[in-house]
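First comes the structure, then the notes that go with it.
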Amino acid sequence: MKSQDDILAIVAALKSAYPEAICSLDYQKDYELLFSTRLAAQCTDERVNQVTPTLFSRFPTLEALAQADVSEVEEIIHSTGFFRAKARDIVAASQMLLEVYGGKVPSTMEELLKLPGVGRKTANLILGDIFHAPGAVVADTHCIRISGRLGLTDGTKEPPKVEQQLRAQLPPEESNDFCHRLVLHGRAVCMARKPDCANCTLRPWCDFYQPQD
DNA sequence: ATCCCGAGGG
DNA sequence: CCCTCTGGAT
């Protein structure tokens with residue numbers, strides 16, 4: 001594992017390389033981030049952003065989404081993949097948000113996980129970006145891969161373990177932005193197939209760095 | 001063939 | 001732990 005100094009150095013290097021820790025999903029309302037994140041399962045954010053303007057203008061309110069014809073939602077979101085489950089979840093979650101939570105996105109992990117189609121990744125993103133909860137760790141595919149390569153985790157790919165191990169090391173007020181920056185770094189430099197180690201600002205602390213790449 | 005800011009079920 | 005759900009890009 002890393003020393004606390006290494007952790008802080010990695011946090012600082014990422015902050016310097018990616019000054020704004022932004023979510024690349026486009027959204028206006030809280031529930032739009034929730035559903036955009038559901039759509040982002042095994043799909044690029046870029047493609048999600050191509051369908052959500054159509055989805056959220058065709059069904060501009062939570063009430064409209066709750067009453068939407070699932071097959072029409074399926075058509076709109078088809079290109080994001082897993083479209084049957086995603087469409088079913090979006091309509092069902094809209095109904096639950098209205099009926100159980102008064103139309104407001106809940107602010108606790110426990111309640112978020114009760115919503116259909118909301119798992120730990122989506123819940124943590126909401127907690128971090130909407131409610132600014134300290135200690136939120138979004139263990140998505142980029143976070144899991146890069147944390148493993150760096151040696152911040154023991155190599156597990158199980159999201160709850162990655163969450164736990166990162167949360168134990170990161171300053172709580174930094175964890176959410178840190179995860180956003182890992183995503184940006186995962187796209188630009190530390191790609192899954194062919195990581196660009198030569199141009200990586202994190203290589204002084206990375207267990208994975210191999211000069212021949 | 002592998003990957004993309006996953007979730008749910010066995 | 002495993003598997004399935006699905007389309008698009010590389």
Side-chain angles (χ1 to χ4, degrees), chain A residues 14 18 20-27 30-52 54-55 70-71 73-94 96-97 105-106 109-130 133 136-150 152-164 166-167 170 175-196 208:
Chain A
L14 274 177
Y18 309 98
E20 43 179 5
I22 43 106
C23 177
S24 45
L25 291 168
D26 298 331
Y27 67 97
D30 295 354
Y31 72 80
E32 292 183 356
L33 177 60
L34 189 74
F35 297 150
S36 293
T37 307
R38 178 68 187 97
L39 293 175
Q42 297 299 295
C43 176
T44 61
D45 282 12
E46 190 180 356
R47 180 158 297 280
V48 173
N49 288 336
Q50 289 173 8
V51 308
T52 47
T54 305
L55 179 65
V70 174
S71 64
V73 176
E74 286 182 359
E75 286 181 35
I76 296 170
I77 70 170
H78 179 270
S79 68
T80 67
F82 300 150
F83 59 89
R84 293 187 194 89
K86 289 175 179 177
R88 192 191 329 122
D89 287 343
I90 287 170
V91 173
S94 295
M96 187 178 292
L97 283 173
V105 175
M109 173 67 75
E110 186 182 356
E111 291 176 307
L112 285 165
L113 291 179
K114 291 178 183 172
L115 294 165
V118 176
R120 300 197 64 86
K121 186 258 178 173
T122 302
N124 274 302
L125 190 66
I126 294 292
L127 290 174
D129 278 22
I130 301 297
V137 171
V138 180
D140 72 330
T141 183
H142 295 292
C143 176
I144 292 169
R145 180 182 69 253
I146 300 175
S147 296
R149 284 177 174 173
L150 283 168
L152 292 175
T153 60
D154 61 13
T156 180
K157 293 180 178 176
E158 297 175 58
K161 291 185 179 178
V162 174
E163 269 182 54
Q164 186 180 22
L166 288 182
R167 197 173 290 119
L170 292 168
S175 64
N176 188 50
D177 286 352
F178 181 83
C179 293
H180 277 312
R181 292 184 172 110
L182 283 190
V183 173
L184 300 175
H185 192 58
R187 290 183 187 138
V189 178
C190 194
M191 292 83 76
R193 309 186 206 208
K194 199 175 182 301
D196 189 6
F208 184 79

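Letters go in sequence order (proteins before strands), and every chain restarts at 1.
- Here the C1' atom of nucleotide B/dG6 and the CZ atom of A/Phe35 are 16 Å apart, to the nearest Å.
- Comparing A/Leu113 and A/Leu125 by the nucleotide of DNA chain B that holds the closest heavy atom to each, the one mapping nearer the 5' end is A/Leu125.
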- Quick one: what's the B/S/- string for nucleotides 2-10 of chain C, heavy-atom cutoff under 4.0 Å, read 5' to 3'? ---BBBSBB

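- Residue contacts for A/Pro159: at a heavy-atom cut-off of 4.0 Å it reaches no nucleic acid atom on any strand shown.
- Residue A/Cys23 is in base contact, counting any heavy-atom pair closer than 4.0 Å across all strands shown.
- Side-chain nitrogen and oxygen atoms of A/Arg187 include none within less than 4.0 Å of the OP1 or OP2 phosphate oxygen of B/dC4.
- Atom NZ in A/Lys194 sits roughly 19 Å away from atom C1' in B/dC4 (whole-Å rounding).
- At a threshold of 4.0 angstrom between heavy atoms, the contacts of A/Ile22 include nucleobase atoms, whether or not backbone atoms are also involved.
- Relative orientation of the A/Phe83 and A/His78 rings is tilted, given thresholds of 30° and 60° on the angle between their planes.
- For A/His180 against B/dC5, a side-chain-to-base donor-acceptor contact under 3.5 Å is present.
- Within the 4.0 angstrom heavy-atom criterion, only backbone atoms of the sugar-phosphate kind lie near A/Val118; the bases stay farther away.
- Within 4.0 Å (heavy atoms only), A/Glu158 reaches sugar-phosphate atoms of the nucleic acid but no base atom.
- As judged by a 4.0 angstrom heavy-atom cut-off over every strand, A/Arg181 is placed among residues making no nucleic acid contact.
- Within 4.0 Å of A/Arg120, counting heavy atoms only, lie sugar-phosphate atoms of the nucleic acid but no base atom.
- Remark: the backbone N or O of A/Ala21 is not paired with any side-chain donor or acceptor of A/Asn176 at under 3.5 angstrom.
- Taking a 6.0 Å sphere around CD of A/Glu111, one finds it holds more than 12 heavy atoms contributed by other residues, nucleotides or ligands.
- Distance NE2 (A/His185) to C1' (B/dC5): 15 Å, rounded to an integer number of Å.
- The distance from atom CG of A/Leu55 to atom NZ of A/Lys86, rounded to the nearest 0.5 Å, is 12.0 Å.
- One atom, NZ of A/Lys157, and another, P of B/dC5, lie 16 Å apart when rounded to the nearest Å.
- Side-chain atoms of A/Thr122 lie closest to B/dG6 of the nucleotides B/dC3, B/dG6, B/dC5.
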